[in-house]
Amino acid sequence: MYDYDTCSESVLVKRARKKDVKAFSKLYENVYKDLYYFALYMMKNPQDAEDVVSETVLSVYENIYSLQKDEAFRGWIFKILSNVCKKKLKVRSRQETFKLQENRDESQSVSHSDYEETIDVAEEERQIIALSVFGGYNSKEIGKILAEQGKPMNANTVRSKRSRALEKLGKILC
């Protein structure tokens, strides 16, 4: 019998690549809470958070062979979760925009691109905060993740956006 509790993350990843379900379960057990909190922060709804975490874990299990460095598992799973959240939020945004446009009359309607841009900024700020707080990423790493999602950002910009977003959160909470 193999002792999964004493294994390092990289050993668990190696075993999970060989379709060792217990090793993958232990990896998931080690990161589940952080994944859920990240998803909850991004999605703002417990059921949606559970859905995106489930979708992410399934995708990771099916594609763990493509992970290039065993030590990068945590960052890799958060990057996948971030992409799944972003995709779901984009769908939600389109649905909300469509409903808003249906309910407004032509003279008072908000342009679709203005509304999407406003939502995108809020999503970007949430993503930066979530990656920083729950994922433990630094500004440079967050910039790389955002660049892979088509929104290149240097570390200084990430820091200033994170600072402004935290300031907004502080005002809301006080």
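A salt bridge links Asp34 to Arg74: one of the charged nitrogens lies within less than 4.0 Å of a carboxylate oxygen. Taking 4.0 Å as the cut-off between side-chain N and carboxylate O, Arg92 and Asp48 count as a salt-bridged pair. Here Lys26 pairs with Asp5 in a salt bridge; the nearest charged N to carboxylate O distance falls below 4.0 Å.
By the salt bridge (charged side-chain N to carboxylate O under 4.0 Å, His left out) test, Arg162 is found to be paired with no residue, residues two or more places apart in sequence or in another chain being considered.
The two atoms that bring Ala155 and Ser139 nearest to each other are O-CB, 3.5 Å, heavy atoms only. Residues Asp70 and Ser10 share a closest heavy-atom pair of CB-CB, 3.6 Å. When all heavy atoms of Ile128 and Ile142 are compared, the closest pair comes out as O-CD1, 3.8 Å. Listed here is the closest heavy atom pair of Ala23 and Ala16: CB-N, 3.9 Å. In plain terms, the two heavy atoms of Asp3 and Cys7 that are nearest each other are O-SG, 3.4 Å.
Contact of the Asp51 side chain with the Lys88 side chain is not registered, since no non-hydrogen atoms from C-beta on lie closer than 4.5 Å. Taking the side chain as every heavy atom from C-beta outward, Pro152 and Leu146 never approach each other to under 4.5 Å. Between Ile80 and Phe78 there is no side-chain heavy-atom pair separated by less than 4.5 Å. Using a 4.5 Å heavy-atom cutoff, the side chains of Glu71 and Glu9 are not in contact. In this structure the side chain of Arg159 never reaches within 4.5 angstrom of the side chain of Arg164, judged on heavy atoms. Side-chain contact check for Tyr4 versus Arg15: some heavy-atom pair is nearer than 4.5 Å. You'll find the side chain of Lys19 reaches within 4.5 Å of the side chain of Tyr61, heavy atoms only. Inter-residue side-chain proximity for Trp76 and Ser66 is flagged as met; some heavy-atom pair is nearer than 4.5 Å.
Val21 and Tyr32 fall within a single hydrophobic cluster, where Ile, Leu, Val, Met, Phe, Trp and Tyr side chains are chained together by heavy-atom contacts under 4.5 Å. With hydrophobic clusters built from ILVMFWY side chains whose heavy atoms lie under 4.5 angstrom apart, Val11 does not share a cluster with Tyr65.
Distance check, rounded to the nearest 0.5 Å: CG of Leu89 to NZ of Lys44 gives 9.0 Å. Atom CD1 of residue Ile129 and atom CE of residue Met42 lie 11.0 Å apart, to the nearest 0.5 angstrom. Between the SG atom of Cys85 and the CG atom of Leu35 there is a distance of 9.5 Å, given to the nearest 0.5 Å. The CD atom of Gln127 sits 6.0 Å away from the NZ atom of Lys86 when rounded to the nearest 0.5 Å.
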Between Tyr37 and Val133, is the side chain to side chain contact (heavy atoms under 4.5 Å, CB included) condition met? List the steps. CA-CA 10 Å; Tyr37 292 138; Val133 174; over 6 Å; no
Trace of the side chain to side chain contact (heavy atoms under 4.5 Å, CB included) decision for Phe38 with Val52: CA-CA 10 Å; Phe38 177 94; Val52 296; over 6 Å; no
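Under a 3.5 Å cut-off, the side chain of Tyr41 and the backbone N or O of Leu131 do not form any donor-acceptor pair. Side-chain atoms of Glu50 never come within 3.5 Å of backbone atoms of Gln47 as a donor-acceptor pair (strictly under, hydrogens ignored). No donor-acceptor pair closer than 3.5 Å links the side chain of Ser59 to the backbone N or O of Glu55. Put simply, the side chain of Thr157 never gets that close to the backbone of Met153: no donor and acceptor are under 3.5 Å apart.
Evaluated for a side chain to side chain contact (heavy atoms under 4.5 Å, CB included) with Leu27, the options Val57, Leu12, Ile77, Val60 yield exactly one hit, Leu12.
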